[in-house]
Protein chains: 2
Amino acid sequence: MSVATVSRALRGLPNVAASTRRRVVEVAAELSYAADPAASRLAAGRTSTVTVVVPSLSGWYFANIVAGVEAVCAEAGYDVLVVGIGSSHDLSRILSKAYHLERRTDGLVVIDIAVSDEAAASISARGVSLTTVGRVTDGVSSLRVDNVQVGRIAADHLADLGHRRLGAIGGEQDEPLGFEVSRLRVAGFADALARRNLSFDPTLVEGGNYSVDGGREAMVALLDRAAPPTAVFALSDEMAFGALMALNERGLSPGRDVSLIGVDDHEFSRVVGLTTIRQSVTDHGSAVARLLLHAMEAIRAGSAPPVTHLVPPVELVVRSTATRN
Amino acid sequence: MSVATVSRALRGLPNVAASTRRRVVEVAAELSYAADPAASRLAAGRTSTVTVVVPSLSGWYFANIVAGVEAVCAEAGYDVLVVGIGSSHDLSRILSKAYHLERRTDGLVVIDIAVSDEAAASISARGVSLTTVGRVTDGVSSLRVDNVQVGRIAADHLADLGHRRLGAIGGEQDEPLGFEVSRLRVAGFADALARRNLSFDPTLVEGGNYSVDGGREAMVALLDRAAPPTAVFALSDEMAFGALMALNERGLSPGRDVSLIGVDDHEFSRVVGLTTIRQSVTDHGSAVARLLLHAMEAIRAGSAPPVTHLVPPVELVVRSTATRN
DNA sequence: GACGCGAGTGTAAGCGTTTACAGGAAACGG
DNA sequence: CCGTTTCCTGTAAACGCTTACACTCGCGTC
């Protein structure tokens, strides 16, 4: 029996007699033989590897996205490589990584990092499939929540509760990763208020850096205003937790003295009763992984990869930190 | 100039004239050339890849460990593969994965999963380095916190505060991953009490499944006892958060009505003022990655890999949920 | 001035697959 | 019964590196 036949049998290719295949599979199992991945990759030119590029691996949001991607890709037989670009905001590291990734991966999931058209073109020219989360690039499948909608939901809820003086805790100007998200959410927030003929004071937006500490400081800054807001929209639950700390420190009660709404439905939001806007992050990871798998399948089949833009729904979760004014 | 010279120059091997090397590096940069990883792996037999095997990728603890490992390994030029074994408790999946890993990785970091002596032997026989976190196997470098000590610190703190009727929220019998940890922490807890001639009622231990919900239910069960404990040791912060929920639901105040101490110093512990025992999980990841790098270096050099067992310190963090009885 | 030596470079044989191509046997139609 | 077609299997050429080995210098040595 030749190596070619074995290779064909083990990979499920056609043109192998059923009896032959059975024997091959049997013996392979017995010897616990499996093709050397490096040799396969070299010969076939495909790596059976998917790479997730992510700003950071710790942090609730990224960890959950990666978990979703990993589950689906592993299930489909792909190895999952992770690349954290760390706090180094310089794109060069990402690009050099992406460059190294060249012959290293069949697919790329890029999370919350802007991919320029040229970068996307160069990646696709190398035969690597690309999908993004949180950012969209022309011609690249992506998944993102409708952040404008998120802002609107928050504003509508707070306005329905009778709040009129509203503040927000968002990203910061010099924050490459989170700023775009902040901009959209705040825009939606302001837009929904405008539709109700309510005014939104843009000076009542404080940067919170998407961290607990940042959220705390932002809330302190808001409380120190001459006329503090009666309700605050924190653009992430983590910042909302910080805001809760600030309220506690001042002896203020969330929901009674100041209403607060977050975004994410982090698992600890339940613990503190945080009203929030839920996004199912792990599901997002799974969904984008499936997008990627389809694209890779298409490329392998020689057809043009489909371009799909997923916009999963978000959902208001009412708890106790936002109450009637 | 021959391919051999280029190969040697680019990899920094000796026996290359400085001038030659300079030119090669220069031209390579210009053409943005880099060796095809698959071909290198096939020819050299090494993969420059490290694999992290972890029960789950979401969850604070695992995400942070993986982040620490990734940072160090990426820095050292290794690709980082992640394998989540999911909720499937069956070892077969792990083993089949490990088997597939055979020619796929130079090093393995196994987190909170027991590795049998035979499995360790078979892995090392394949030339793959192995380090573990949370579990120790003979002859395998590892990192684990002293869980007995963790239990003692908790008991000492609560006892110092005058508490005499103590409960605990831990893992469960049928929980393959967490039970060992629970056993040790509870043992340390009981031991420290015994040293003070205080009694510990083992029926006052409820299983909390290392989840928020589990912690909540465990606390409910404890509160429903005829004689509830005045202080509770939650074996993880996440369970402690659940316990806090249960207290809130009953209108009880943590620290005043029931004292509570957790383990981890999760970033939200600060938010709720949870007294806890800190472990620096990301640092643990970095440390175990360095252990692995050393082992792989030794193997490459032909020497026997050093076996080191790291036991990083833990630290009591006093906040407001545990107070004088 | 022949010799040995070491530094630097080139040659070529793998590494273990995949895959185009060729070949051979069985089945089928005329 | 012979020529086709259809299936299956084998042969061998890549794939792009690494590395043992051979080789060529230029130099110091006796």
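Since the structure is predicted, the reported quantities are computational estimates derived from the model, not experimental observations. Chain letters run A, B, ... following the sequence lines, proteins first and then strands; every chain starts at 1.
- Put simply, the side chain of A:V25 reaches to within 4.5 Å of the side chain of A:L10, judged on heavy atoms.
- A heavy-atom distance below 4.5 Å is not found between the side chains of B:T49 and B:R104.
- Under the rule for a side chain to side chain contact (heavy atoms under 4.5 Å, CB included), the partners of A:R8 that lie at least two apart in sequence or sit in another chain are A:A4, A:T5, A:L13, A:V16.
- Here side-chain hydrogen bond (donor to acceptor under 3.5 Å, both in side chains) pairs that include residues 299-314 of chain B, with residues two or more places apart or in two chains, are B:S142-B:H309.
- A distance of 11.5 Å separates CZ in B:R41 from CG in A:L42, rounded to the nearest 0.5 Å.
- For the helix from C:dG1-D:dC30 to C:dG30-D:dC1, the rotation axes defined at the first and last 5 base pairs enclose an angle of 40°, given to the nearest 10°.
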- Query: Should A:V133 and A:Y61 be marked as a side chain to side chain contact (heavy atoms under 4.5 Å, CB included) after you check the CA-CA gap, both sets of side-chain angles, and the distance that decides it?
  - Reply: CA-CA 12 Å; A:V133 174; A:Y61 179 80; 3.8 Å; yes
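- Residues B:T47 and B:D106 have side chains that bring a donor and an acceptor to within less than 3.5 angstrom of each other.
- With a heavy-atom cut-off of 4.0 Å to chain A, the contacted part of DNA chain D has its first and last nucleotide at D:dC8 to D:dG16.
- How far OG1 of B:T105 is from CZ of B:R46: 12.0 Å, rounded to the nearest 0.5 Å.
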- Task: Can you check each nucleotide of nucleotides 17-24 of chain C against protein heavy atoms at under 4.0 Å and return B for base, S for sugar-phosphate only, - for none, in 5' to 3' order?
- Result: BSBB----
- Item | side-chain hydrogen bond (donor to acceptor under 3.5 Å, both in side chains) assessment of A:R126 paired with A:S122 | CA-CA 6 Å; A:R126 285 168 165 136; A:S122 122; 3.3 Å; yes
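- Considering only residues two or more places apart in sequence or on other chains, A:T137 meets the side chain to side chain contact (heavy atoms under 4.5 Å, CB included) condition with A:V115, A:D117, A:A120, A:V140.
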